[in-house]
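The structure under discussion appears below in the form of structure tokens.
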Amino acid sequence: MVFHPMLRTRRRLLAGLPALGFLSAHADDARPLEHIVFGSCLDTHDHPMLDRTLTLPRDLFLFMGDNVYADKGGIPMMQEKYARLKHSRFFRGLKDKPILATWDDHDFGLNDGGSEYPQKKEAQAEFWNWLDEPPDSPRRKQEGVYHAQSFGPVGKRVQVILLDTRYFRSSLKKVPKDQAMLGGTSVPTDNESTTILGAAQWAWLEKVLQEPAELRIVVSSIQFAPEAHGGECWANFPHEQKRLLSLLKGQTALVLSGDRHWCEFSKNGVFDFTSSSMTQKHPRGTPTPNKHRIVPTTYHLPNVGFLSIDWAARSITTKIIAEDGEAKITHQAAFTELLVR
Ligand SMILES: [Fe+2]
């Protein structure tokens, strides 16, 4: 997709946007979820991987962040990018089923950014405009885009929890380039006054975890389980990583994540299935070391994640699907294995 910087184009794109309201239309869907498709990092909205994604069985689609790349042109570029996504064949094709989303740095508006980003309020408004969140929605009034939604009848309830790893996040601890790890210059901090989620989001999370659910899916834009690799991950804030794990104890839960532009499956107290990027090739093509990886294969070309729930067998199967429709990584787990201990 070629970015066209003319304001006239932007106005035209923003003008004809329909008020779809698809989020609320599906909010009380009582049918059990069986197929969840999850993806991240879309630097274009016209790509064969996106067409492939629309062919997968799907009860829910999860945008896990970097849904647009809009960290270089301020709010006007963000509006234009969202308008292009909203009008794309891909997004229109997704709208027959529920869509949930969170953001990462590039759609938050600042590369590797956190609480210091001065336009985070404006960016949050654009995020909800993209998703047609009603003007009076409480999600627009709170700070941060975190939210949760449950699907399915009693006995087959899935609670999807979408975290905001940006709005409140403290600055990253960095080392000089000559001390960098393969994934970059970020390193774990031992300063326990720093945060990823922030106090308000932690309090909210404790509350939503009290709601009944047979399975909980936690969406985190950045990886939760892998060991620190120099890039962004929960392992850079070990006290926050421990806190989430202790909150999830006793729950049947898993994490879905994105961000890396390649895929891997890990377990570090809880399963973490990473799918990234939907439209980009990972330039290095090799993974960073990760002792928590549970499947040796990693995948570095455009892909999408595909999670199937077998309610009769009480198990899940997670796959990384490539442009040709083939599963490049597959993992099966019983609900009993998902119990966080
Ligand atoms: Fe990305």
Side-chain angles (χ1 to χ4, degrees), residues 1 3 37-50 53 61-73 77-78 80-82 84-85 88 90-91 99-114 117 120 123 126-127 130 145 162-167 169 172 180-186 196 219-226 228-236 255-266 272-288 290 298-305 320-323 328-329:
M1 183 181 71
F3 167 60
V37 183
F38 56 101
S40 67
C41 304
L42 295 83
D43 75 332
T44 167
H45 302 114
D46 182 11
H47 189 281
M49 190 62 236
L50 303 182
T53 298
F61 185 85
L62 299 172
F63 281 96
M64 302 192 297
D66 294 344
N67 310 316
V68 293
Y69 279 72
D71 55 330
K72 288 193 173 78
M77 180 191 269
M78 189 174 280
E80 169 153 351
K81 295 268 176 124
Y82 274 133
R84 286 181 184 275
L85 169 56
S88 67
F90 175 57
F91 193 72
I99 297 169
L100 293 175
T102 189
W103 59 15
D104 200 32
D105 53 342
H106 295 288
D107 35 4
F108 178 60
L110 183 66
N111 186 32
D112 282 0
Y117 176 49
K120 57 188 178 180
E126 296 307 330
F127 176 87
W130 161 50
V145 301
L162 297 109
L163 300 179
D164 184 334
T165 65
R166 294 289 158 192
Y167 202 97
R169 204 214 61 209
L172 297 165
M181 286 184 273
L182 189 55
T185 55
S186 296
I196 295 179
V219 180
S220 167
S221 66
I222 56 169
Q223 288 183 304
F224 178 80
H229 41 65
E232 294 198 81
C233 56
W234 280 75
N236 287 336
V255 176
L256 301 177
S257 59
D259 174 49
R260 300 297 305 279
H261 296 196
W262 54 278
C263 307
E264 66 179 333
F265 291 177
S266 313
D272 180 355
F273 302 106
T274 304
S275 166
S276 168
S277 151
M278 288 193 79
T279 60
Q280 297 164 88
K281 183 181 162 188
H282 180 225
R284 196 181 63 239
T286 55
T288 46
N290 175 16
T298 58
Y299 190 67
H300 302 253
L301 295 175
N303 66 85
V304 75
I320 295 299
I321 306 291
E323 211 172 287
K328 302 295 180 183
I329 312 177

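Numbering of ligands and ligand atoms starts at 1, following listing order. Worth saying up front: this structure is predicted, and the values here are computed from it rather than measured.
- Between Thr53 and Phe61 the shortest heavy-atom distance is CG2-CE1, 3.9 Å.
- Using bins of under 30°, 30° to 60° and over 60° for the plane-to-plane angle, the ring pair Phe273/Phe265 lands in the perpendicular bin.
- Between His282 and His300, the angle of the ring planes stays under 30°, which puts this pair in the parallel group of the 30/60° scheme.
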- request: Output, in order, the C-alpha distance, side-chain angles, deciding distance and verdict of salt bridge (Lys or Arg N to Asp or Glu O under 4.0 Å) for Glu232 and Arg166.
  value: CA-CA 11 Å; Glu232 294 198 81; Arg166 294 289 158 192; 2.8 Å; yes
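- In this model, a donor atom of one side chain and an acceptor atom of the other lie less than 3.5 Å apart for Asn290 and Glu264.
- With waters left out, the protein N, O or S atoms under 2.8 Å from the Fe ion (ligand 1) add up to 4.
- Rounding to the nearest 0.5 Å places CD of Glu126 at 10.0 Å from CH2 of Trp103.
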